[in-house]
There are 2 protein chains.
Amino acid sequence: MPSLKLDPIDRKILAELQGDGRMTNVELSRRVGISAPPCLRRVRTLEETGLIKGYHADVNARELGFEVQVFAMVSLKSQAEVDLSAFETLARGWPLVRECHMLNGEIDFILKCASPDLSTFQTFLTEDLTAADNVASVKTSLVIRNAKDEPGVPFEILEARAAAEEE
Amino acid sequence: MPSLKLDPIDRKILAELQGDGRMTNVELSRRVGISAPPCLRRVRTLEETGLIKGYHADVNARELGFEVQVFAMVSLKSQAEVDLSAFETLARGWPLVRECHMLNGEIDFILKCASPDLSTFQTFLTEDLTAADNVASVKTSLVIRNAKDEPGVPFEILEARAAAEEE
DNA sequence: CGTGAAACCGTCGCCCC
DNA sequence: GGGGCGACGGTTTCACG
């Protein structure tokens with residue numbers, strides 16, 4: 001239980017702001033059932049403790065001209081910590097790479113990439129990714145379509161656990 | 001070029017709101033260099049045309065008690081459209097599954113999952129995912145750590161393209 | 001797209017439990 | 001400790017040029 005103290009109102013605030021991060025504070029306070037000032041104080045605390053890391057507009061990548069989404073599975077030659085870190089630093093510097101997660105198993109990293117078109121991605125793939133130091137192999141898979149794309153976490157499960165805990 | 005009309009100011013608005021979705025409209029208008037009313041009109045238009053799909057608070061999953069993040073690679077027995085759709089409907093109904101992308105290649109779907117602990121995930125894995133109709137095989141990889149986790153798209157690339165187009 | 005005005009909201013201090 | 005009330009300043013959002 002990592003959460004120092006999260007009462008039902010805090011969880012509701014997080015769930016509401018995850019669903020609509022631009023909601024006004026009065027609307028939020030109405031939804032969670034308290035008045036605006038304490039609601040704002042809670043939001044500030046959640047931001048300061050890092051439970052809320054930020055707010056982002058969710059843009060339509062395809063409409064914006066990013067037609068291609070790709071997952072790249074990367075295996076390295078060496079898994080020594082310095083080499084892992086070196087690859088992560090590289091990945092952070094590539095704009096096409098939106099996410100880079102280190103995994104267990106044979107695949108060392110999975111990269112989620114967004115690109116305007118295939119040729120831009122393939123230039124990146126051949127000139128940057130596979131050409132990088134220590135990269136042993138890269139397998140790529142194009143995203144055909146997105147069936148689900150929800151940000152964040154399922155608060156429903158938190159609520160169920162909290163309810164179960166106070167029997 | 002899917003964007004009907006996106007001038008540099010619209011792109012700036014999108015980039016700014018992707019970076020901070022809770023910025024006030026006056027702050028946004030200041031950053032993009034116009035006054036507040038037209039700025040708000042542009043934001044509304046971007047929302048109505050679906051270029052902005054929504055706003056979300058970015059919550060700290062680990063601090064919130066979701067210690068486990070997993071990628072699941074799913075292969076189906078049948079890739080007929082009805083069967084693909086049926087699986088997608090299933091996936092949309094599982095709270096632990098945050099993203100479900102259909103891929104090309106041998107892996108039919110990749111699922112990004114968030115779970116409070118391993119046992120919760122493994123219950124889901126055995127009782128729901130691998131037990132589902134038409135699922136041939138599931139390979140899972142635990143996320144050890146996140147090197148990069150940026151939402152949305154790299155606007156830098158859009159800007160570079162726009163600049164290159166008007167030589 | 002900018003200006004002005006009105007309504008609303010974010011925010012603070014204070015009082016209450 | 002946290003929640004509510006009231007007030008000020010800033011913001012949102014009109015109508016209009």
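Here is the naming used below: chain letters follow the sequence lines, and residue numbers restart at 1 for every chain. Just so you know, these numbers use all the heavy atoms, side chains as well, and skip hydrogens, waters and symmetry mates.
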TODO: Please work out which residues in residues 31-49 of chain B have a non-hydrogen atom less than 4.0 Å from an atom of DNA chain C and list them by number.
DONE: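 B:I34, B:S35, B:P37, B:P38, B:R41, B:R42, in order of number.
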Note, DNA chain C 5' to 3' with Watson-Crick or G-U pairs under 3.5 Å encoded as ( ), [ ], | and . gives .||||||||.|||||||
Any side-chain to backbone donor/acceptor pair from B:S78 onto B:N134? Under 3.5 Å, distance only.
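No, because the side chain of B:S78 does not come within donor-acceptor range (under 3.5 Å) of the backbone of B:N134.
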Review point. Out of curiosity, does B:M102 fall in the hydrophobic cluster containing B:L129 (side-chain heavy atoms, cut-off under 4.5 Å, transitive links)?
Key: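 Per the 4.5 Å side-chain linkage, B:L129 and B:M102 are co-clustered.
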Please indicate whether [X] has more than 12 foreign heavy atoms, meaning atoms of other residues, nucleotides or ligands, lying under 6.0 Å from its [atom1].
| X | atom1 | value |
| --- | --- | --- |
| A:K53 | NZ | yes |
| A:D133 | CG | no |
| B:E106 | CD | no |

**Message:** Show every ring pair (Phe, Tyr, Trp, His ring centres under 6.0 Å) that has at least one partner inside residues 68-91 of chain A, sequence neighbours left out.
**Reply:**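 As it turns out, the ring pair (Phe, Tyr, Trp, His ring centres under 6.0 Å) pairs with a partner in residues 68-91 of chain A, which skip direct neighbours, are A:F71-B:H101, A:F87-A:F109.
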Practice item. May I have the distance from B:E27 (atom CD) to C:dG10 (atom C1'), rounded to whole angstrom? Key: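 In whole Å, C:dG10 C1' and B:E27 CD are 15 Å from each other.
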Using the side chain to side chain contact (heavy atoms under 4.5 Å, CB included) definition, which of the options B:D7, B:L14, B:L28 pairs with B:R42?
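The residue from B:D7, B:L14, B:L28 that satisfies side chain to side chain contact (heavy atoms under 4.5 Å, CB included) with B:R42 turns out to be B:D7.
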- prompt: Which pairs with one or both residues in residues 147-156 of chain A pass side chain to side chain donor-acceptor pair (under 3.5 Å), sequence neighbours excluded?
  reply: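 The answer is A:N146-A:D149.
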| query | Which residue pairs satisfy the side chain to side chain donor-acceptor pair (under 3.5 Å) criterion with at least one member in residues 23-33 of chain A, sequence neighbours excluded? | reply |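 Counting only pairs at least two positions apart or across chains, the side chain to side chain donor-acceptor pair (under 3.5 Å) contacts touching residues 23-33 of chain A are A:E16-A:R31, A:E27-A:R30, A:E27-A:R31.
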Notebook entry, point to check: chain A on DNA chain D: first and last contacting nucleotide, 5' to 3', under 4.0 Å to a heavy atom?
Noted result: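 The footprint of chain A covers D:dG2 to D:dG6.
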Exercise for the section: Can you tell me, in whole Å, how much space there is between the P of D:dT13 and that of C:dT11? Expected result: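 Rounded to whole Å, the distance is 16 Å.
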